[in-house]
Amino acid sequence: MDLTLSDEQRLLRESAERFVTETFTAEHRKKAANDPHGFSPAIWKQFAELGWLALPISENHGGLGGGAIEIGILMEAFGRGLVSEPYLSTVVIGAALVAACGSEAQKQAILPDVAEGTLYLAFAHSERAARFDLGKVETTATKTADGWRLNGHKIAVLDGAAANQIIVSARVANANGASGKLCLFLVPAGTPGLTLRDYARLGGGHGSSLELKDVKLPADALLGDGSDALPAIEAAVDRALAALGAEAVGIMQTLLDTTLEYTKIRKQFGRPLSANQVIRHRLADMAMQCDEARSMALRAALMADAEPVARGRAASGAKAKIGKCARFVAEQSVQLHGAMGVTEELDIGSYFKRLLAFDTLFGGSAHHYRRHAALSGRAQA
């Protein structure tokens, strides 16, 4: 298998790394943290001008037709700069769900606006009782004379407060009142009956909890033709796991580079820390964990368009392994920096927090080890 990047992919990596290095400084991150939504709308416009928002969208809908590999290249650069813009929620997940489930009219109305940076999307799917089971949804959608009525609660909605449209998953109630197919609905921000509680996420960015109480929607709020949306949701989340894995690799590599530089200049007993053989062993272990994580993230991206079982195994395997590697690299980096590693004076603490958040987003390592085992046909512990 030839894993060499094409000329276009190399240019994307170089331009992304250069832009992130020049733009996402510690001062910029502090300023963005004080924004009501946790990111800079001006930077988002620059993303659109660079073509990054259009990257995975098809050419028929104003995009560039890129794939998971290109998204991974971009997300790894984002990890190096701790980018907090809602790229994952709007482009990787939201646009993918519209492309997979939406009617042609819905695609034409939404996807070009996403590519131009004028429309933010969010995906409201997780529920407290689901425990990361994508098929367990208790939010209900009832057909009415003039549309739909939604009731339920959602948690961990990435960038929900910034979204113009929230894609909400719900079970359509059958004629006898029993829950039926899982469908997706477009809920505009500010719809009566929609209550949103915003909060800052660990490591940057914002999340939300939603309450839907008799939310009335028109008939065309249903995304697509009403077919079961679970396969599309699973595919979108698996792609998101691959993208998150690439972002975690970027964070881990930055921690490794920063720690290596610090141990060269920090002296103890008249010698640099890196002269100590035990420290060198730790740094070597960190480098090995980074390489292993990068391989798993690349495999998940390469399998993003494979059949569902193979795609799911690759995505869950990457999430579980990278989560374990990320925790090791983060902990070693903080320890080798000593007490300075957890102060606001250094960026190490911010990178550490983002990796902790990565480990729990869309399920931790334990959940994905179980999912990988189940998809492989092995008994679950």
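A salt bridge links R354 to E247: at least one charged side-chain nitrogen sits closer than 4.0 Å to a carboxylate oxygen. The pair D228-K181 does not meet the salt-bridge criterion, since no charged nitrogen lies less than 4.0 angstrom from a carboxylate oxygen. With salt bridges taken as basic N to acidic carboxylate O contacts below 4.0 Å, none links E127 and K136. Between D359 and R327, at least one side-chain nitrogen of the basic residue sits less than 4.0 Å from a carboxylate oxygen of the acidic one, meeting the salt-bridge criterion.
The two residues D214 and N151 have their closest heavy-atom pair at N-OD1, 2.7 Å.
Side chain of E261 to backbone of T258: no donor-acceptor contact under 3.5 angstrom is found. No side-chain donor-acceptor contact under 3.5 Å links T140 to the backbone of R171. Under a 3.5 Å cut-off, the side chain of Y351 and the backbone N or O of R80 do form a donor-acceptor pair. Put simply, the side chain of S365 gets close to the backbone of A320: a donor and an acceptor are under 3.5 Å apart. Side chain of T90 to backbone of Y120: no donor-acceptor contact under 3.5 angstrom is found. Looking only at distances, a side-chain donor or acceptor of H368 sits under 3.5 Å from a matching main-chain atom of F362.
The aromatic rings of F47 and F24 are tilted relative to each other, their planes meeting at an angle between 30° and 60°.
Side chains of H28 and T25: a donor-acceptor N/O pair is absent below 3.5 angstrom, by distance only. Inspection of the D285 and Q289 side chains reveals no N or O donor paired with an N or O acceptor under 3.5 Å. A donor and an acceptor atom, one from each side chain of T259 and Q332, are nowhere located under 3.5 Å apart.
The side-chain tip of K319 points at the ring of F358 from less than 6.0 angstrom away and within 45° of straight on. By the 6.0 Å and 45° rule, K216 does not stack over the aromatic ring of W148.
More than 12 heavy-atom neighbours from other residues, nucleotides or ligands sit within 6.0 angstrom of CD on E104. In E27, the CD atom is not crowded: 12 or fewer heavy atoms of neighbouring residues, nucleotides or ligands sit closer than 6.0 Å. Taking a 6.0 Å sphere around NZ of K353, one finds it holds 12 or fewer heavy atoms contributed by other residues, nucleotides or ligands. Heavy atoms of other residues, nucleotides or ligands lying less than 6.0 angstrom from CZ of R10 number more than 12.
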Using the rule given for side-chain contact (heavy atoms from CB on, under 4.5 Å), can you reason through I69 versus Q9, listing the C-alpha separation, both sets of side-chain angles and the distance that settles it, and then say yes or no?
CA-CA 9 Å; I69 297 296; Q9 290 170 337; 3.6 Å; yes
Between I73 and E14, does the side-chain contact (heavy atoms from CB on, under 4.5 Å) criterion hold? Intermediate values first, please.
CA-CA 10 Å; I73 292 171; E14 292 169 4; over 6 Å; no
Mind running side-chain contact (heavy atoms from CB on, under 4.5 Å) on V20 and F78 for me, showing each step along the way?
CA-CA 7 Å; V20 168; F78 287 173; 4.1 Å; yes
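Taking hydrophobic clusters as Ile, Leu, Val, Met, Phe, Trp and Tyr residues chained together by side-chain heavy-atom distances below 4.5 Å, L217 shares a cluster with L210. Under a hydrophobic-cluster definition in which Ile, Leu, Val, Met, Phe, Trp and Tyr are linked whenever side-chain heavy atoms come within less than 4.5 Å, directly or via other members, L134 and V92 are assigned to the same cluster. V329 and L273 are members of different hydrophobic clusters when ILVMFWY side chains are connected at heavy-atom separations under 4.5 Å.
Annotation: Y199 is not in aromatic contact with H206 [ring centroid separation under 6.0 Å not met].
Counting heavy atoms from C-beta outward, I348 and V334 have side chains that approach closer than 4.5 Å.
Among the candidates S126, S169, S208, the single residue satisfying the side chain to side chain donor-acceptor pair (under 3.5 Å) test with K154 is S169.
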